Amino acid sequence: MLRSVKGLKDILPHQSSQWQHIETVARTLATQFGFSEIRIPIFEFTELYARSIGGTTDIVEKEMYTFPDRDGSSLTLRPEGTAGVVRAVLEHSLLDSPTSRKLFYFGPMFRHERPQAGRYRQFHQFGVEALGTDHPLIDVEVIALLWQFFSLLGLKDLTLHINSIGTLDDRGDYIQRLKKFLTPLLPDLCGNCQRRYSTNPLRILDCKVPICQETTKEAPVLIDDLSEDSRIHFTDVLDGLTALEIPYSINHRLVRGLDYYSRTTFEITSPHLGAQSTIGAGGRYDGLFQALQGPPTPAIGFAVGLERVILLLTEHHSINPVPLFFIAGFGAVGKSRAFKLLHELRQSGIRADTDHKANTLKALLRSADKLGAEYSIILGDDEANSETVLLRNMQTKVQEIVTLKEITQKILANL
RNA sequence: GUGGGUGUAGCUCAGUUGGUUAGAGCGCCGGAUUGUGGUUCCGGAGGUCGCGGGUUCGAAACCCGUCACUCACCCCA
C-alpha cells in the first residue's frame, strides 16, 4: 500500500474542525491587534534562507528540503516564515505602506528532522511580524497577542520565558567574555558544545546536558554586557508585560537558534507535551532586513507550532451548528422528485444530503441517522402524487405534512 | 544522523511451554413480512499475522535481516 511520506500527517475530517477553530481564533485576534494577513510562496530561492537563518544553524546545515529547478537554480521548501515575509516586504516596498507593517501568516513549513511527538517534517505555523519600529511596547503587543491567543484556546499551565540577547555589538563583547570563561573548561563540555565553542558559543548556555549546565553555572550573564540602550529596552518590555499582567520568567539561558534574532527573545512552553515543549516562540530581528540588502529596519515576530497546539486542545470543537436535512426519496416517482427537491434546497442555502444507495424507507432513515440529520424529508410515491412531503424531526419523531411548494420556505423560516 | 520500544481485521487489542480451519469488542454491510432510524436479536463481509530468510514434523510465537510506526537524543515551533 502506498503510504504518506515519513513525518507527514493527514488532517482527517474529524480533526479539521479543530484546525478551523484555531485558525479562526488566530485570524480574528491578529486582526484585532491591527495585523493583516500575507500569503507568500511555499518555496523560495535557497539563498534567502541561507542568508537569513544563518549558515551554521542545523536548519540550513542539514534540515532543508532543497532541490534544483529545471534551470539549475536552487530552491528550498520554506523551513520558517519570517525570511519569506521579509523578502516579500522588500520586494513590494510594503514598508512604505502604513497598513502593511504588521503582518500575520499561516501555512506549512518543512524541515527534514526525525519525526517525534510534536515534531513533523511538514508542520504548520501561525506567525506575526511587526516591522519598522523598535519601540518596546511593540514587543509587548506581540507577546500579548501570543499570550492572549493561547488563553483564548484555553491552554493551561503555560510559561512565558523571556530574555534579551542584545544587539550584534553587545553580543560581540559578551561572546569574547564567554569564550574567555569557557576556554579552560572546554575539556569538561560535551562534544557538541566543544564544537559550538567555535561555531555558536551562545548555544552552549542552552545545552541540556547536565555536565554542561553545571560547568557553565558561573558563566558571565549576557544581560550584564548589554548596552545602555538594550538594557533600557529590555526593562521597558518587562514593565510593559507587568502593566498588562502577563506573567513572565526571565531566562538568561534562552538563546534562540536562528542567527537573525537580537535583543528581545521569548518562548512559551507547556509541561503537558513531550520533549518538544515549546508551542510558540519568537524575538526581535533588527538586523535581518540589512542582511537581505534592505534598509535598516527593526522588527519583531513570533511563530506558533500548530500541531503542538492541537495536542494540547482538550475540547473537541465540533462546529456543526447548521442543521442537516436528509432527503428520503423512494419509489418510481418519489426518488426522482426527491433528487430535484434536494437540489432546490441546496440552491436556497439549506444544508441537505441523501443516500443514493438506499431505496427503502427503512434504509433511508438509517442513513439519515448515521449522517446525524436533524430532519428527514420523506418523499415516496404517495407524497409525490399529492405534491407533499413528510417533514420528520429525527429526535422527537414528530412528522408533519408540508406541500412541496412550501417546504423550502418553511425550512428557511425556521432556521 | 544515533539509541530504545512496537508491528495480528477499518480501529483498540487477546492469542498458553511452538500444535489443527487465528479470535473478541467496536465499526461496516444485511435480515427480523406491508412505507419509519437509533436500542435489541440474528447473520455476513473483512487478516499474505509488516516483509524476506532461517530453525522445526509443525512458527503469529524462536533466531537473523529488513522496512514501517513510535518515543528519546541532536535541534526546533
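Throughout, a chain's letter reflects where its sequence line sits, starting with A, and its residues are numbered from 1. Please read these numbers as outputs of a predicted model, since none were measured by experiment. Side-chain atoms are counted along with the backbone in the values below, which use heavy atoms only and exclude waters and symmetry mates.
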B:G43 versus B:A24 - spacing of their P atoms, nearest Å: 12 Å
Does any donor-acceptor pair link the side chain of A:Lys362 with the base of B:G31 at a separation under 3.5 Å? no
At less than 4.0 Å, is any side-chain N or O atom of A:Arg366 found next to OP1 or OP2 of B:G30? Yes or no. yes
Measure the distance from CZ on A:Arg392 to P on B:G37 and round it to the nearest whole Å. 7 Å
Which part of the nucleic acid, if any, lies within reach of A:Met394 when heavy atoms closer than 4.0 Å are counted: base, sugar-phosphate only, or nothing? base
For B:A77, take OP1 and OP2 only and decide whether either is under 4.0 Å from a side-chain N or O of A:Gln276. no
Spacing of the P atoms in B:U6 and B:G10 (rounded, Å): 23 Å
Paired with A:Phe106, the side-chain contact (heavy atoms from CB on, under 4.5 Å) test is passed by just one of A:Glu37, A:Gln125, A:Arg39, namely A:Glu37
So, OP1 or OP2 of B:C29: does either fall under 4.0 Å of a side-chain N or O from A:Lys370? yes
Give A:Phe326 one of three labels, base, sugar-phosphate or nothing, depending on what nucleic acid heavy atoms sit under 4.0 Å from its own. nothing
So what does A:Leu306 hit on the nucleic acid, given a heavy-atom distance under 4.0 Å: a base, only sugar-phosphate, or nothing? nothing
Can you find a side chain N or O atom of A:Lys9 that sits less than 4.0 Å from OP1 or OP2 on B:U70? yes
Go through the N and O atoms of the side chain of A:Glu63 and the base of B:C74, and report whether any donor-acceptor pair is under 3.5 Å. no
Please determine if a side-chain N or O atom of A:Gln116 lies less than 4.0 Å away from the OP1 or OP2 oxygen of B:A72. yes
Less than 4.0 angstrom from a charged side-chain N to a carboxylate O is my criterion; do A:Lys102 and A:Glu141 meet it? yes
Angle between ring planes, A:Tyr375 versus A:Phe325, binned at 30° and 60°: parallel, tilted or perpendicular? parallel
Using a 4.0 Å heavy-atom cut-off, does A:Ala368 contact any base of the nucleic acid, only the sugar-phosphate backbone, or nothing at all? nothing
Rounded to whole angstrom, note down the P distance from B:G25 over to B:A14. 16 Å
Considering every strand and a 4.0 Å limit on heavy-atom distances, what is the contact class for A:Gly118: base, sugar-phosphate, or nothing? base
Take atom C1' in B:G30 and the same atom in B:U55, then report the distance between them in whole Å. 46 Å
Does B:C62 have a Watson-Crick or wobble mate here (both distances under 3.5 Å), and if so which one? B:G54
By the 4.0 Å heavy-atom rule, please label A:Leu364 as base, sugar-phosphate, or nothing. nothing
Classify A:Glu80 by what it touches in the nucleic acid, base, sugar-phosphate, or nothing, heavy-atom distance under 4.0 Å. nothing
Would A:Glu307 and A:Trp19 satisfy side chain to side chain contact (heavy atoms under 4.5 Å, CB included), going step by step from the backbone distance to the final call? CA-CA 9 Å; A:Glu307 277 80 3; A:Trp19 283 86; 3.6 Å; yes
With both distances kept under 3.5 Å, what pairs with B:U2, Watson-Crick or G-U wobble? B:A72
Any salt bridge linking A:Asp286 with A:Arg284? Criterion: basic side-chain nitrogen under 4.0 Å from a carboxylate oxygen. yes
Mark this stacking check for A:Phe330 against B:G35 as yes or no, applying ring centres under 5.5 Å and ring planes under 30°. no
Identified pairing partner of B:G44, criterion: Watson-Crick or G-U wobble below 3.5 Å: B:C28
